[in-house]
Amino acid sequence: MNKKIFLISLGIAILIIGFIFIFNFQKQNVYKIGVIAPLTGIGANLGNPVINGMNLAVEEINANGGINNNPVKLLIQDGKLDGKASIDAVNYLLNVEDPDIFTTLFHLPAQSISPILKEAKKPLVYEAFTRSIVEDNPYAFKAHFDSLTGCEKLIKYAKENNKYDKLGILMAKVEYNELCLQGIKKIESDVEEYWYTFGETDFKTLLLKAKEDKIDTLVTLGLDFEYLGIFKQLTELGYPISIICATASECIFPKVIEVTSPELLDNTLAIDFVLNIDETEFAEEYSKKYGDSSFTDYVYGAIGYEEVMYITEAMKNCEPGDSICLTESLKNVYSYKTVINSKGFEDRVLQLTTDIYEFENGEWRLAE
Amino acid sequence: MSVVLQLLINSLIAGAIYALVASGFSLIYATSKFIHFAHGATIAFSAYFLYFFFSMVGLNFGFSVILAIIFAALLGFLMNIIVFKQLRKRKASGIILLIASFALMILLESLILLFFGADVKTIGYIKVVKGLEFLGAIITPLQIFIIISSFILLCLLFLFMKKTKMGKAMRAVSDNKDVAEIVGISSERIYNWAFIIGSAIAGIAGILISLEQNLSPTMGTGLMIKGFTGAIIGGIGSVPGAILGSFLLGLAENFGIWFLPSGYKDAIAFVLLFLFLLFRPNGILGIKKKGDKQ
């Protein structure tokens with residue numbers, strides 16, 4: 001009897017040890033990417049395509065044998081474009097899953113989670129317009145349009161080509177817009193400022209103020225609802241004010257065209273690093289998997305896809321779980337499959353080629 | 001002159017929208033005596049009902065509007081009988097009802113997200129063109145309609161409260177629920193009607209806002225805060241007060257940012273709210289109750 005109990009106990013112990021071994025073995029040999037993105041609420045319309053693009057890339061990589069024969073796994077959490085929700089998500093992932101690297105979308109979540117990841121010495125790739133996080137966190141990498149240099153380039157072009165007489169800015173008071181203003185002021189010191197609180201939808205009085213100040217061109221950077229409100233209200237008011245915006249693909253989209261007079265849309269200036277993405281092979285693959293998609297879906301899908309491509313390229317030099325190695329490797333990753341023509345990181349800022357576009361006869365035309 | 005007129009028009013448009021939000025909210029508060037924050041979600045829901053019936057199903061616009069208002073009223077009624085009535089039966093305090101209302105607001109906004117997605121939507125019924133010029137100021141026909149219809153609606157609400165049997169019963173419950181019940185008024189029935197009428201007004205607000213601005217799942221939250229501020233300024237629990245307060249808020253915001261840096265728009269609203277809470281907590285037309293400090 002005692003022998004029987006001993007054998008059963010031994011069997012159970014072997015099974016438990018076996019499970020632990022298998023579990024740890026699997027845990028050791030998966031490259032994990034922690035993703036904090038807005039999947040609900042404001043920003044979810046951009047967060048979901050990013051996830052779709054990332055999934056597309058991960059499926060492609062795993063179908064080709066993974067990285068160093070190890071699969072890549074995405075650990076996705078909803079950050080809700082909210083600081084606290086993003087911090088909770090990061091803490092959960094750090095404590096439960098311990099990813100090799102984290103990625104996030106937009107400045108606010110990135111700013112909230114960066115100190116935690118700096119402490120944990122985990123690399124963070126964030127998609128936002130501002131580079132201040134890179135300056136504070138040696139493990140942070142910035143991707144996406146850069147509002148400081150982008151706005152400078154845009155206004156330089158506008159000034160050299162006499163695209164305005166008196167310039168103003170109409171923007172939500174957030175860091176990426178303040179950096180944009182800094183960039184503008186490197187070229188043009190005489191700029192009237194019309195700030196509003198993020199989330200504002202009524203711009204009528206601000207536009208009236210701009211008109212009375214004899215502003216003929218307003219620079220604006222924002223999200224879809226801001227562009228929609230500004231263009232619609234400017235059309236209704238009929239003030240002789242032109243718009244300069246960034247990025248082109250986010251600024252004028254089908255709904256904006258629906259509610260804006262063609263005269264106002266024409267001669268709108270913008271800058272972008274990705275524009276004809278809907279005509280690429282990537283867009284074809286994306287729509288095959290996710291059905292009919294908007295232009296913005298393709299853009300943000302491409303951003304997510306690209307993110308996985310350069311991260312996994314950097315992973316090739318490191319063992320799963322070695323985040324320090326991955327941080328160093330990411331700094332020197334230059335050659336990878338790209339859909340938006342990025343050229344790796346320089347000073348931990350993703351190098352993107354930006355072009356100036358002018359809206360003419362219902363479409364963007366390359367201006368410079 | 002044209003600048004002042006334009007500012008006045010901008011203020012009236014904003015005030016009319018806030019007033020529609022505040023009046024429904026105030027009607028519910030006056031009878032039920034709790035802050036019904038899910039009222040904002042009712043506004044968003046009605047806008048999405050219109051989007052669903054008109055833009056997705058393809059029904060006639062007028063019919064879609066009527067359906068959206070009916071569904072908004074029904075939503076308010078269901079919220080009352082499924083959640084608040086049950087809580088009242090369990091003698092829940094105003095704070096519990098407020099928390100339940102917050103939870104409902106989050107739930108309803110999440111449902112909108114689930115069914116319609118997070119991207120900004122437009123109804124697309126009215127072609128956007130330059131507005132009409134009036135003494136140098138510009139206003140669109142829709143904005144004229146918003147101001148006029150809100151005035152008419154608010155007048156009708158005022159008459160309803162003053163002249164009809166139901167309105168009088170609502171005021172009786174608002175004044176003293178126990179005494180009203182002694183004279184045979186069913187407070188539960190009155191709560192139901194307050195939710196139905198208040199939510200129908202929220203439905204109208206949601207429809208007008210969706211035509212003037214855009215649709216987003218959280219569109220009701222910001223409006224609710226402004227409506228609440230308007231109701232506090234005018235006198236919470238007083239429907240005419242809520243309307244007056246909302247128009248004052250619209251004026252203060254738009255004239256305020258003309259003179260102050262534009263980023264202070266929300267600060268103006270909240271400074272006004274704090275000033276009233278500190279120095280005149282009953283608002284402009286609020287009824288001073290026995291035991292109040294003033």
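Residue numbers begin at 1 in each chain, while the letters A, B, ... track the order of the sequences.
- Using a 4.5 Å cut-off between heavy atoms, A/Q233 does not touch chain B at all.
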ask   = So A/Q111 and A/Y126, side chain to side chain donor-acceptor pair (under 3.5 Å) or not? Walk me through it.
value = CA-CA 9 Å; A/Q111 197 180 34; A/Y126 69 95; over 6 Å; no
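- The environment of B/F134 atom CZ is sparse: at most 12 non-hydrogen atoms of other residues, nucleotides or ligands sit within 6.0 angstrom.
- For B/N214, the part sitting under 4.5 Å from any heavy atom of chain A is the side chain, from C-beta outward, and nothing else.
- Contacts between A/E236 and chain B at a heavy-atom distance below 4.5 Å involve backbone atoms as well as side-chain atoms.
- Between the side chains of A/S132 and A/E175, at least one donor N or O lies within less than 3.5 Å of an accepting N or O.
- Within the 4.5 angstrom heavy-atom criterion, no atom of B/S216 approaches chain A.
- The pair A/D82-A/K84 does not count as a salt bridge, with every side-chain nitrogen at least 4.0 angstrom from each carboxylate oxygen.
- Most heavy-atom pairs under 4.5 Å with chain B: of the set A/L223, A/L208, A/T197, this distinction falls to A/L208.
- The candidate from A/T205, A/T201, A/N45, A/V259 with the greatest count of non-hydrogen atom pairs under 4.5 Å with chain B is A/T205.
- Nearest approach of A/G79 to A/I36, heavy atoms of both residues: CA-CG2, 3.8 Å.
- Using modelled atom types and a 3.5 Å distance limit, the side chains of A/Y286 and A/N52 yield a donor-acceptor pair.
- We find that A/E193 and A/K185 are joined by a salt bridge, their nearest charged nitrogen and carboxylate oxygen being less than 4.0 Å apart.
- Of the listed residues (B/L113, B/I112, B/I9), the greatest number of heavy-atom pairs within a distance under 4.5 Å of chain A belongs to B/L113.
- Per-residue counts of heavy-atom pairs under 4.5 Å with chain A were compared for B/L114, B/I139, B/V129; the largest is that of B/V129.
- Looking at A/K173, neither its backbone nor its side chain comes within 4.5 Å of chain B, counting heavy atoms on both sides.
- Inspection of the A/E250 and A/Y300 side chains reveals an N or O donor paired with an N or O acceptor under 3.5 Å.
- Note: A/L237 leads A/L206, A/T260, A/L237, A/D224 in heavy-atom pairs under 4.5 Å with chain B.
- When heavy atoms are compared at a cutoff of 4.5 Å, B/E109 does not approach chain A at all.
- Residue A/S261 does not touch chain B at all, counting heavy-atom pairs closer than 4.5 Å.
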